Amino acid sequence: PPPIFFSTHTPPPPILSGLVGSEMCIRDREKSMRDSEKRQYTKEWLQYERQQPMYDNSINEFYDKIFKNSPVHKGLLDDEFISTFENWLAEHQYSNFDGLDAFPIRHIIQGCTQFIDDLYQRCGDIQTFEKDYKYHWRLNNNIKYATIDTLDLNKEVLIAMPFPYYGDVHPDMYEILDKCYKLKIPVHIDSAWISCIRDINFNFDHPAIQTFGISLSKGGIGGNRIGVRFARKKPEGAITIMNDFHMNQQPLMYIGLRFMQDFGPEYFWRKYENKYYKVCEDFNLKPTKTVHLAIDNNEPVGIRPLLRAL
């Protein structure tokens, strides 16, 4: 069937109801040991709140090396970055992503959070699902999550793939996509976690999907967010303007380029695969498809400190 198109309604942007309260911050500190040089290979270092993506000294060494070179005299990096990004996706060995050719409009994004902000600006209130990226809740503490039975015909849908809570594709992903297509609800995919997963095969060319964003952040360079938005047709909005007028940050593109060239895809899985499964076995955790995440009693838990302690 032919793809559906962006809705043309322009509702007002959502009201932001504040950031995380102090009580939540205190609870986070109590439940989660933030990774540090004091890390130990003990249960106390499992992260039940705010599971941190992988990072280790190889990233520090990478920064030490590339920051000796200035990217500002290399000309525009936009086309080279997008071309390298396309090759980086195709070179994944553990996972496979199909249907990319159906999305010929490719724009640089400063991480998937900018991709999400752009959707809120363009579409107003959007529908998300419980246990998705907590950023949605931080924007609006009174958010009402969608379910497959309560989808609103007048609001576009955003869902993560991979889904953070599961470290995998959402268990109802394909049912959600089919229902949205039937109801003519445009869908957008937050694929920020592609850079830290394995064993996921996903076809983006479902007719409900209109755009998706992929970032390198979770692959190790979270402090220098950069990625690509893929679209069926050219969207309006801030990301398009920034790309049309070459307003993207050259240092971020340069860091992303060198990261892909130096490390390739699935770097942390290749480096920590054996240690990952040892941690799961030693602490009676269920493995996921995300290198820094496991499951304990049906709850996600971060294992980065333990991986680095081994």
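Only a predicted model underlies this, so the values are computations on that prediction, with no experimental measurement involved.
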Practice task
Go through Lys155 and Asp125 one step at a time and tell me if the salt bridge (Lys or Arg N to Asp or Glu O under 4.0 Å) criterion holds.
Solution key: CA-CA 7 Å; Lys155 296 179 182 178; Asp125 196 9; 3.1 Å; yes
Exercise for the section: Start with the C-alpha distance between Glu44 and Thr42, add both sets of side-chain angles, then the distance that settles side chain to side chain donor-acceptor pair (under 3.5 Å), and finish with yes or no. Expected result: CA-CA 5 Å; Glu44 286 72 27; Thr42 63; 3.1 Å; yes
Practice task
Start with the C-alpha distance between Arg34 and Gln47, add both sets of side-chain angles, then the distance that settles side-chain contact (heavy atoms from CB on, under 4.5 Å), and finish with yes or no.
Solution key: CA-CA 8 Å; Arg34 308 304 288 164; Gln47 297 177 325; 4.3 Å; yes
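Contact annotation: the side chain of Val157 approaches that of Ile185 to within less than 4.5 Å [non-hydrogen atoms, C-beta and beyond]. For the pair Tyr276 and Trp269, the minimum side-chain heavy-atom distance is below 4.5 Å. Between Trp193 and His292, some side-chain heavy-atom pair lies under the 4.5 Å cut-off.
For Arg232 and Phe103, the positive end sits near the middle of the six-membered ring, less than 6.0 Å away and at most 45° from its axis.
Around CD of Glu86, the count of heavy atoms belonging to other residues, nucleotides or ligands within 6.0 Å exceeds 12. Within 6.0 Å of CG on Asp101 lie no more than 12 heavy atoms contributed by other residues, nucleotides or ligands. In the displayed structure, Asp79 atom CG is contacted under 6.0 Å by at most 12 heavy atoms of other residues, nucleotides or ligands.
Between the side chains of Thr240 and Arg229, a donor-acceptor pair is found at a separation under 3.5 Å. Side-chain contact check for Tyr41 and Asp282: at least one donor-acceptor pair (N or O, by modelled atom type) lies under 3.5 Å.
Applying the salt bridge (charged side-chain N to carboxylate O under 4.0 Å, His left out) definition to pairs two or more places apart or across chains, none involves residues 210-222.
Aromatic ring centres of Tyr133 and Tyr135: separated by under 6.0 Å. Aromatic ring centres of Phe212 and His188: separated by at least 6.0 Å.
Linking Ile, Leu, Val, Met, Phe, Trp and Tyr whenever their side-chain heavy atoms come within less than 4.5 Å leaves Ile241 and Tyr120 in two separate clusters.
Listed by chain and residue number, Leu76, Ile108, His246, Asn248, Gln250, Met253 satisfy the side-chain contact (heavy atoms from CB on, under 4.5 Å) test with Asp78 (two or more places apart in sequence, or in another chain). Annotation: side-chain contact (heavy atoms from CB on, under 4.5 Å) contacts of Asn298 (sequence neighbours excluded): none.
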